[in-house]
Number of protein chains: 2
Amino acid sequence: MPPATTISERAATDIAALASQLRIAVARTARTLRREAGEGITPTLMCALATIEHHGPMTVGALAEHERVTKPTVTRTVHALVDQGLVVRTGDLDDGRVAWLTLSADGRRLVQRVRRRKDEYLARRLRGLEPAEIEALQRAADVLARIEDEA
Amino acid sequence: MPPATTISERAATDIAALASQLRIAVARTARTLRREAGEGITPTLMCALATIEHHGPMTVGALAEHERVTKPTVTRTVHALVDQGLVVRTGDLDDGRVAWLTLSADGRRLVQRVRRRKDEYLARRLRGLEPAEIEALQRAADVLARIEDEA
DNA sequence: TATTGTTATACTCTATAACTATA
DNA sequence: TATAGTTATAGAGTATAACAATA
């Protein structure tokens, strides 16, 4: 007979093991998805574009914070996006230090096209799963989104 | 009363929505975790190290295939790991073209230390979730690992 | 002085093309 | 000829440090 364990000890063990498995699974899945963007746009540019689309007009600093990169990195990213006509950069009228970023019509179309493409790729991989597995993934997506928002 | 839908139509809609949410959640979680490696080692080197530890002795080509990068990239990565004394590179005795990669004792210790660190970080984020949420994440980790293996 | 953003510089990761050595 | 791996080269992403402009 195994030694008795309290509920909290059991839970702690389960969580540690889960953390390890989840970390590996998430890293590998993300890596695969990053390679599915296509459209000739890089993952970094695509991420920035998607963030601006989701948030609406943002400053350079806000984008840096959201993407968790430094401001010089965002400056570079935005430069590339503006060069490609995907983002419009406008100076703030009241505060001369601030620059506002918005999507151009081309940028908006591109975001939607790439998003559809990635979703279709992942959806192909999900087809054929059991309904219970689908539901588990749905709940997991919700939970992961929530704990990231709390970060 | 809404129009009748077949089970497969319902499933297709659910899967498309799930794919989208899951993609975003996975990308964000992976990004956060990548920044938690610490120990002065980069995510790429750490990934290679973890793969070699998991698989046991591997050739350069096998590592490239597993990490889904090109062989020149692996050559570079391995060079860095050998320089840091984390990996040992040995020529095959029968086939002079082949190089075998294994972890050094330092490499093995580092993998374990970093792994523990990341797991603890994620585990902190998971504590406080409902038991049902934990279970959903556990199932999701299993499913994601499985569909990645099939890729 | 503090804040917003940029420029300068350097390092890591990655790929493609061309190459060497071995089979 | 084919295969395993390397070298050469170039491009993308990132950070830190130093700076400019504005508040």
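Chain A is the first sequence line, chain B the second, and so forth, proteins listed ahead of strands; every chain is numbered from 1.
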Protein-nucleotide distance ([X], atom [atom1]; [N], atom [atom2]), rounded to Å:
X: A:D94; N: C:dT4; atom1: CG; atom2: P; value: 15 Å
X: A:L45; N: D:dT14; atom1: CG; atom2: C1'; value: 13 Å
X: B:H79; N: D:dA8; atom1: NE2; atom2: P; value: 11 Å
X: B:L93; N: D:dA4; atom1: CG; atom2: C1'; value: 16 Å
X: A:I41; N: D:dG11; atom1: CD1; atom2: P; value: 19 Å
X: B:K71; N: C:dA15; atom1: NZ; atom2: P; value: 13 Å
X: A:D95; N: D:dA21; atom1: CG; atom2: C1'; value: 10 Å
X: B:W100; N: C:dT22; atom1: CH2; atom2: P; value: 18 Å

Where the side chain of B:R97 is concerned, which of D:dG5, C:dT14, C:dA23 is the nearest nucleotide?
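Nearest listed nucleotide: C:dA23.
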Which nucleotide in D:dT16, C:dG5, C:dT14 has an atom nearest any side-chain atom of B:V69
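Nearest to the side-chain atoms of B:V69, counting from C-beta on, is C:dT14.
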So if I take residues 55-66 of chain A and measure heavy-atom distances to DNA chain C, which residues fall below 4.0 Å?
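Only A:T59, A:V60, A:G61 qualify.
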Phosphate contact ([N] OP1 or OP2) by [X] side-chain N/O below 4.0 Å:
X: B:T73; N: C:dT14; result: no
X: A:R68; N: D:dG13; result: no
X: A:T42; N: D:dG13; result: yes
X: B:T44; N: C:dT12; result: no

How many angstroms lie between atom CZ of A:R113 and atom CD1 of A:I41, to the nearest 0.5 angstrom?
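A:R113 CZ to A:I41 CD1: 10.0 Å, rounded to 0.5 Å.
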OG1 on B:T59 to CZ on B:R97, rounded to 0.5 Å:
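Going from the CZ atom of B:R97 to the OG1 atom of B:T59 covers 11.0 Å.
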Regarding D:dT14, can its base be found pairing with the side chain of A:R76 as donor and acceptor, where the two atoms are less than 3.5 Å apart?
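Yes.
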Take a 6.0 Å sphere around NE2 of B:H54 and say whether it holds more than 12 heavy atoms from other residues, nucleotides or ligands.
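No, NE2 of B:H54 has 12 or fewer neighbouring heavy atoms, counting only those of other groups under 6.0 Å.
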A:I52 to A:M58 - nearest heavy-atom pair and separation:
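In terms of heavy atoms, the two residues are closest at CA-SD, 4.0 Å.
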Decide whether B:L81 and B:V114 are clustered together by the hydrophobic rule: side chain heavy atoms of Ile, Leu, Val, Met, Phe, Trp, Tyr closer than 4.5 Å, transitively.
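Yes, because B:L81 and B:V114 connect within a single hydrophobic cluster, where side-chain heavy atoms sit under 4.5 Å apart.
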Side chain to side chain contact (heavy atoms under 4.5 Å, CB included) assessment of B:L103 paired with B:V88:
CA-CA 6 Å; B:L103 291 198; B:V88 178; over 6 Å; no
Enumerate the residue pairs fulfilling salt bridge (Lys or Arg N to Asp or Glu O under 4.0 Å) with a member in residues 133-142 of chain A, sequence neighbours excluded, ordered by first and then second residue.
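Those involving residues 133-142 of chain A are A:E133-B:R146.
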Does B:D92 reach a base, just sugar-phosphate, or nothing at all? Heavy atoms under 4.0 Å.
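Nothing, no heavy atom under 4.0 Å.
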